[in-house]
Amino acid sequence: MRQTVLASANTEIRRLTRSGLLLGLIVAFMFFGLSAPVLATHMQEIFSAAANTEQISMTASAATPADGIALYNQSAMQLGLILSVATAITSLTWDTRPGSSIFYRTRVRTLSYLTVPRLGVDGLAAVASYTLGLACAGIVTTAVIGPLSPTLIATVWVSSSLYLAMAMSIGYLLMTVFRRTAATLAVSVVLLLALPLLNQVGATASWTPTALLAQTELTTPPLLVTGTVIIGCVLVAERIARQQTLRRDA
């Protein structure tokens, strides 16, 4: 089992590096980390230019260090989040091809020995890329706006990293169910875009996973719910994969 797990993780590492997916994640998050704080400092000028008429008047308060990090997180949790989920989904594309599906499914007792290590590698790659972007955002924010609170950085990192892991686990589960890359990507994007709507429901706003992205301090309910979703997605995906047969329409 140990050799299978290590071999699967090593295969995924090679896929990420050779395909350019890892580089794409790093570039995307670092771009937002470098640009978001600068954009926050010019928000007043942007609003003034957009409302340069007699009928419309728009103003923005001076940027604070928290604004630079918040703007980075907003960008990272959109395009960066979708890229991360796509990375997790494409790690299971071997199951859409008859040859590779037969090869893997006939050599292990349970597919979790193959799939969970790949999800773990993808999760580490996404969190590491996000961390690099957050570090860039922190450095630029400190340089152009002002010093940041270490507590704020730690809170944002924990919350967003856990949310990234949850989103990737959802994509992992959906790919296990559909076993079609395009369909899984479409459903995953729609679901991830719809999740923030739960914040508008008063009864669920304080404990849904999306509440993590709007918090300035860590609270237990959304952390527990997010962790439960991650574990639940992995366990359900493993159970579904165990009962699946080879695709004849692949």
Side-chain angles (χ1 to χ4, degrees), residues 15-16 19-22 24-25 27-29 31-32 36 70-97 115-116 118-123 125-127 129-130 133 156 159-215 221-241 243-244 247 249-250:
R15 184 184 78 92
L16 291 179
S19 65
L21 283 171
L22 179 59
L25 284 171
V27 169
F29 282 111
F31 171 77
F32 294 131
L71 192 56
Y72 162 70
N73 228 39
Q74 290 174 7
S75 302
M77 289 298 111
Q78 293 178 15
L79 179 58
L81 181 69
I82 293 174
L83 287 175
S84 300
V85 174
T87 300
I89 290 173
T90 54
S91 70
L92 300 181
T93 52
W94 56 266
D95 203 27
T96 65
R97 299 186 294 271
T115 57
V116 174
R118 296 187 181 196
L119 178 63
V121 169
D122 294 338
V127 171
S129 300
Y130 172 83
V156 170
S159 300
S160 299
S161 297
L162 195 59
Y163 191 83
L164 268 176
M166 183 206 68
M168 296 177 75
S169 68
I170 292 175
Y172 167 84
L173 172 60
L174 292 175
M175 183 61 177
T176 304
V177 173
F178 295 123
R179 302 170 77 181
R180 290 173 173 82
T181 307
T184 304
L185 283 171
V187 174
S188 298
V189 170
V190 172
L191 182 60
L192 292 175
L193 292 177
L195 276 178
L197 296 177
L198 293 176
N199 285 347
Q200 307 303 319
V201 182
T204 62
S206 62
W207 55 267
T208 56
T210 49
L212 290 173
L213 302 181
Q215 290 183 335
L223 292 174
L224 288 178
V225 172
T226 305
T228 301
V229 171
I230 295 172
I231 296 173
C233 286
V234 173
L235 293 179
V236 172
E238 193 276 334
R239 186 175 183 85
I240 292 174
Q243 298 175 353
Q244 285 174 335
R247 280 187 54 190
D249 60 336

Any side-chain heavy atom of [X] sitting closer than 4.5 Å to one from [Y]?
| X | Y | answer |
| --- | --- | --- |
| Tyr163 | Asn73 | no |
| Phe178 | Leu185 | no |
| Arg179 | Thr184 | no |

- Message: Please determine whether side chain to side chain contact (heavy atoms under 4.5 Å, CB included) holds for the pair Leu173 and Ile240, giving the CA-CA distance in whole Å, both sets of side-chain angles, and the decisive distance to 0.1 Å.
- Response: CA-CA 9 Å; Leu173 172 60; Ile240 292 174; 4.2 Å; yes
Rounded to the nearest 0.5 Å, how far apart are [atom1] of [X] and [atom2] of [Y]?
| X | Y | atom1 | atom2 | answer |
| --- | --- | --- | --- | --- |
| Thr115 | Arg118 | OG1 | CZ | 8.5 Å |
| Ser160 | Tyr72 | OG | OH | 8.0 Å |
| Leu174 | Cys233 | CG | SG | 7.5 Å |

Residue pair [X] / [Y]: nearest heavy atoms and the distance that separates them:
| X | Y | answer |
| --- | --- | --- |
| Leu22 | Ala125 | CD1-CB, 3.8 Å |
| Ala237 | Thr176 | O-CG2, 3.4 Å |
| Met168 | Ser84 | CE-O, 3.4 Å |
| Val234 | Tyr172 | CA-CE2, 4.1 Å |
| Leu212 | Ser159 | O-CB, 3.4 Å |
| Ile89 | Gly171 | CG1-O, 3.7 Å |

- Message: Does either side chain, that of Ser161 or that of Tyr130, offer a donor lying less than 3.5 Å from an acceptor on the other one?
- Response: no
- Give a yes or no answer on whether the side chain of Thr226 reaches the backbone of Leu223 with a donor-acceptor pair at less than 3.5 Å. no
- side chain to side chain contact (heavy atoms under 4.5 Å, CB included) between Thr90 and Asp122, intermediate numbers included: CA-CA 10 Å; Thr90 54; Asp122 294 338; over 6 Å; no
- Message: Arg15 vs Thr87, test: side chain to side chain contact (heavy atoms under 4.5 Å, CB included). Steps then yes/no.
- Response: CA-CA 10 Å; Arg15 184 184 78 92; Thr87 300; 4.1 Å; yes
- Query: After noting the C-alpha distance and the side-chain angles of Gln78 and Leu193, does the key distance pass the side chain to side chain contact (heavy atoms under 4.5 Å, CB included) rule?
  - Reply: CA-CA 8 Å; Gln78 293 178 15; Leu193 292 177; over 6 Å; no
